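First the proteins, then the strands, lettered A, B, ... as listed; each starts at 1. In this text the structure is predicted, and so the values were computed from the model without any measurement.
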Amino acid sequence: MKKHRQKRLYAVLGTVFGVSVAVGLVLFALSENINLFYKPSDVEAGKAPLDKTIKVGGLVVPGTVVRNTETLDVSFVIRDNQSDLKVHFNDVLPDLFKEGQGIVATGQLTDQQNFKASSVLAKHDENYMPPEVARALEESGHPMKKKND
Amino acid sequence: MIVEIAHFCLILALVVAVVTAIAPMWGSFYNQSILVRFARPATHVMFVLIFISFAGLVHAFATDNFTVSYVANHSYSRLPFIYKICAVWGAHEGSMLLWILVLAGWSSAVALFSRQLPEQAVARVLSVMAFISVGFLSFAVFTSNPFERLLPYFPIDGRDLNPLLQDFGFIIHPPFLYMGYVGFAVAFAFAISALISGELDSAWARWSRPWTVAAWIFLTIGISLGSWWAYYELGWGGWWFWDPVENASFMPWLTGTALIHTLAVSEKRGVFKAWTVFLALITFCLSLLGTFIVRSGVITSVHSFAQDPVRGLFILIFLAIVVIAALTLFIFRAGAVRSTGRYQLLSKESFLLFNNVLLAAALLVVLFGTLFPLIMEAFDQSVSVGAPYFNLLFPICMLPLLALLGIGHWLHWKNHPVERLLKTARNILFVAIIFLVAMSYWIYSFANTIIWISLFIAFWIISSILYDVVDKTKHGQSRLVALKKLKSSYWGMQLAHSGLAVTLVGIVMVEYNSIEKLIRFAPNDQFEVANYQVTFDGLSKVNGPNYIATRGSFTVNENGKEFKVHSEKRRYTASGQIMTEAGINPGFSRDVYISLGEKLEGNEWSVRIYIKSFVRWIWFGTILMALGGLLAMSDRRYRLKLKQKIA
């Protein structure tokens with residue numbers, strides 16, 4: 001084989017190897033770290049996995065926020081018009097967290113009724129409804145008012 | 001009246017932009033010198049019109065003109081004056097206008113500082129920039145008009161600016177970010193112009209270098225300001241979240257960084273020409289993609305505000321037109337480009353290639369992670385990509401990059417003899433190890449391999465820079481004379497590279513050496529963590545201009561040295577929105593960060609107490625990078641070229 005051909009072959013092999021390693025790594029990292037979104041009714045129907053990090057979202061049911069008197073544990077119920085899901089959290093709730101408001105929580109299900117959240121997301125803008133929650137509510141027949149701005 | 005004039009100027013600017021996008025380009029093909037010479041004045045006229053329009057909106061905010069819907073929705077009579085002005089870019093319509101103003105500003109600057117370039121090239125560059133202006137001006141005029149009136153029933157007072165935005169960071173972060181984002185339009189326009197003329201010689205690389213570095217400096221500072229702002233404003237001390245909107249600004253930064261490196265090779269050595277053009281195109285396309293992500297709200301992000309999907313579609317179509325047009329032109333024209341220089345594996349060229357490969361890999365990681373939810377959305381699946389994905393893959397690209405950086409900058413062009421490379425690398429390694437050993441007493445306590453590896457890489461970079469400065473000055477009559485002889489672009493490069501090392505130390509230390517405590521805390525209680533003793537002194541009421549706050553006062557005792565930290569929980573009266581103001585005692589090696597959480601039972605509060613290790617270094621490093629860019633730009637080389645042409 002001529003020298004420049006050999007060089008080119010190495011370059012091609014190197015690139016193929018590099019790209020496959022990169023793709024493999026990306027896919028591996030993705031498979032470990034993508035968080036699927038589930039509605040409370042999905043969770044109740046058993047569609048959500050128990051030991052994976054997932055997202056859940058819904059409206060916070062007024063009057064369900066319960067704080068532990070000793071620790072920083074707090075729990076509240078979210079609802080999508082069909083089912084309820086109890087969310088447990090051991091951190092400070094965001095400033096924009098309000099009863100009746102739509103939130104998205106990331107964490108893991110401990111069983112079909114309880115969700116242990118590692119983060120609770122409420123938005124910068126109080127007029128804003130997380131799109132997943134909006135869609136989840138619409139799907140479960142909650143009338144969604146179209147917001148102008 | 002002023003509002004109508006401003007609106008009219010905006011529409012007029014669109015008309016001028018359409019003409020500027022067509023006429024000079026046409027003229028450059030058919031040698032119509034009148035049309036070609038039309039480009040410069042038209043660009044200035046466009047800038048003046050857009051400036052008047054922008055000033056009109058600023059005036060409406062300054063005078064509390066709540067008949068304008070945009071003002072009524074985003075301002076408030078009792079808002080401090082400076083925030084009234086900045087509220088202009090507090091939401092969609094106004095920030096689009098700022099985008100347009102910045103683009104017009106860059107266009108005018110090109111028209112002004114391009115006297116030494118051939119008229120035809122300038123005409124094409126300005127035409128391309130005007131074409132981009134057409135896209136965004138029509139976007140503003142047709143879908144997001146900031147001058148819409150609320151007549152005859154207008155509100156007595158405004159709905160206030162989002163409290164999160166009422167902060168120093170908001171005054172400067174968006175303008176800097178936009179200057180950076182949009183500044184890459186110049187490199188894009190130069191690349192398109194070069195592709196059209198087919199003259200991809202080193203001249204175009206030399207012309208676009210200072211512009212690209214200028215945009216890069218703004219973007220670097222803009223991103224850094226955003227990070228710093230998020231750190232103290234969001235109330236929980238994070239400095240980077242891998243949020244889609246952050247990624248949107250970070251992606252053009254990655255390719256922009258790659259671009260300023262390959263522009264150097266293209267200019268000096270005539271290699272990687274096609275790749276450099278491609279990077280120039282892709283960097284601006286990523287800026288547009290970023291604008292799309294931010295403005296459409298298609299991806300869930302903490303930055304998402306209520307948004308309108310029609311607007312997203314408009315930007316998406318414009319993005320598609322620009323990307324397809326640019327890439328088609330690239331495919332048809334760049335194939336003919338032949339690199340002229342030859343180089344061996346061990347050479348500056350090769351290492352700059354590695355730099356680009358790794359930066360491109362980092363870009364793909366971020367791009368894929370950011371767009372993946374959008375792809376899945378098409379399959380009706382709602383997913384998000386967690387930070388662990390980025391935290392795993394990004395360092396895999398970055399650490400080799402940083403390690404190779406310690407070699408690349410001092411290699412010769414073309415070919416660097418192996419023995420000499422090994423010898424130099426060994427010396428640098430030796431110096432780096434001395435650093436590590438010298439500091440080992442101090443860093444012993446960290447006992448974390450990631451910290452050790454990263455510190456070693458930082459020392460490795462710093463040692464390589466020191467070594468090179470010493471090496472470059474050893475042949476002069478005296479060191480001092482030799483030091484003075486080094487060009488400012490050399491100092492710029494070394495300063496920017498050391499900035500990277502400083503940022504690396506900051507990132508690793510804050511991630512792996514910080515202390516984070518979240519506790520129940522009542523007034524007069526004490527809490528001890530490491531060598532810090534925190535006392536909750538008590539709560540007080542504070543009346544701000546447009547908010548009422550509960551202020552928590554804390555006394556911190558750090559190894560016998562006492563200081564106070566105050567954190568506030570504010571309620572903004574117009575919107576009723578609650579906001580946390582963290583209390584921070586900044587320092588060289590740590591920040592003490594205390595923020596009030598929520599009121600619990602009795603007089604107890606949940607309180608965050610963080611000791612953020614070396615967090616300032618993250619931003620200090622980026623300042624060094626920006627200063628380095630500034631030095632590189634001020635190199636006499638660029639000005640000399642200018643003078644020669646005039647003479």
Side-chain angles (χ1 to χ4, degrees), chain A residues 7 10-11 14-15 18-19 21-23 25-39 42 53-55 57 65 67-72 74 90-98 104 106 118-119 121-133 135-136 146-149, chain B residues 69 73 91-92 162-165 234-236 297-308 357 361 364-365 368-369 372-373 376-377 381-393 396-397 518-520 569-570 575-580 595-598 600-602 604 606-608:
Chain A
K7 228 172 155 182
Y10 286 140
T15 315
V19 168
V21 168
V23 170
L25 263 173
V26 166
L27 288 180
F28 168 74
L30 263 184
S31 66
E32 296 287 300
N33 293 304
I34 57 169
N35 310 323
L36 286 154
F37 178 86
Y38 294 94
K39 297 176 288 189
D42 289 341
T53 302
I54 60 167
K55 290 194 169 202
V65 181
R67 287 177 197 283
N68 186 303
T69 50
E70 297 294 313
T71 66
L72 288 162
V74 56
N90 180 29
D91 205 312
V92 180
L93 289 169
D95 288 333
L96 289 173
F97 180 91
K98 258 188 234 152
V104 174
T106 311
S118 57
S119 80
L121 193 65
K123 295 297 171 155
H124 279 188
D125 181 340
E126 59 175 11
N127 299 321
Y128 179 81
M129 173 75 81
E132 300 98 328
V133 177
R135 201 168 63 183
K146 189 95 187 140
K147 292 221 170 70
N148 42 351
D149 197 22
Chain B
S69 150
N73 279 327
H92 173 80
N162 187 331
L164 267 174
L165 303 179
L234 290 183
W236 50 278
V298 284
I299 300 175
T300 312
S301 137
V302 276
H303 290 72
S304 297
F305 299 90
Q307 270 140 350
D308 178 1
V357 168
L364 289 177
V365 164
F368 195 65
F372 189 72
M376 292 306 283
E377 198 71 32
Q381 276 272 31
S382 183
V383 304
S384 68
V385 178
Y389 161 83
F390 297 101
N391 289 340
L392 173 69
L393 290 184
I396 293 182
C397 303
L518 175 61
I519 55 168
R520 286 177 86 99
K569 206 79 180 171
R570 294 178 178 172
S575 58
Q577 204 166 316
I578 310 283
M579 270 282 311
T580 309
S595 87
L596 283 176
E598 300 161 280
L600 306 171
E601 263 168 55
E604 275 189 321
S606 56
V607 175
R608 291 179 201 277

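If you take CZ on B:Arg520 and CG on A:Leu72, they are separated by 6.0 Å, rounding to the nearest 0.5 Å. Note that CD1 of B:Ile578 is 13.5 Å distant from CZ of A:Phe97, once rounded to the nearest 0.5 Å.
With sequence neighbours excluded, the residues forming a side chain to side chain contact (heavy atoms under 4.5 Å, CB included) with A:Ile34 are A:Leu30, B:Phe372, B:Val385, listed by chain and number. Not counting sequence neighbours, the partners of B:Arg608 by the salt bridge (charged side-chain N to carboxylate O under 4.0 Å, His left out) test are A:Asp91.
With a threshold of 4.5 angstrom between heavy atoms, B:Leu518 approaches chain A through its backbone and through its side chain. Residue contact with chain B, scored on non-hydrogen atoms closer than 4.5 Å, is absent for A:Ile54. Both the backbone and the side chain of B:Glu598 come within less than 4.5 Å of a heavy atom in chain A. Only the backbone of B:Ile519 has a heavy atom closer than 4.5 Å to any heavy atom of chain A. Residue A:Thr71 touches chain B through its backbone alone, counting heavy-atom pairs closer than 4.5 Å.
The backbone N or O of B:Leu600 lies less than 3.5 Å from no partner atom in the side chain of A:Arg67, so there is not a single donor-acceptor pair. Side-chain atoms of A:Asp95 never come within 3.5 Å of backbone atoms of B:Gln577 as a donor-acceptor pair (strictly under, hydrogens ignored).
Comparing B:Met376, B:Lys569, B:Glu604 by heavy-atom pairs within less than 4.5 Å of chain A, the highest count is held by B:Lys569.
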Determine, step by step, whether B:Tyr389 and A:Val26 satisfy the side-chain contact (heavy atoms from CB on, under 4.5 Å) criterion, reporting the C-alpha distance in whole Å, the side-chain angles of both residues, the deciding distance to 0.1 Å, and the verdict. CA-CA 8 Å; B:Tyr389 161 83; A:Val26 166; 3.8 Å; yes
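For the residue pair A:Val92 and B:Ser606, the shortest heavy atom distance occurs at CG2-OG, 3.7 Å.
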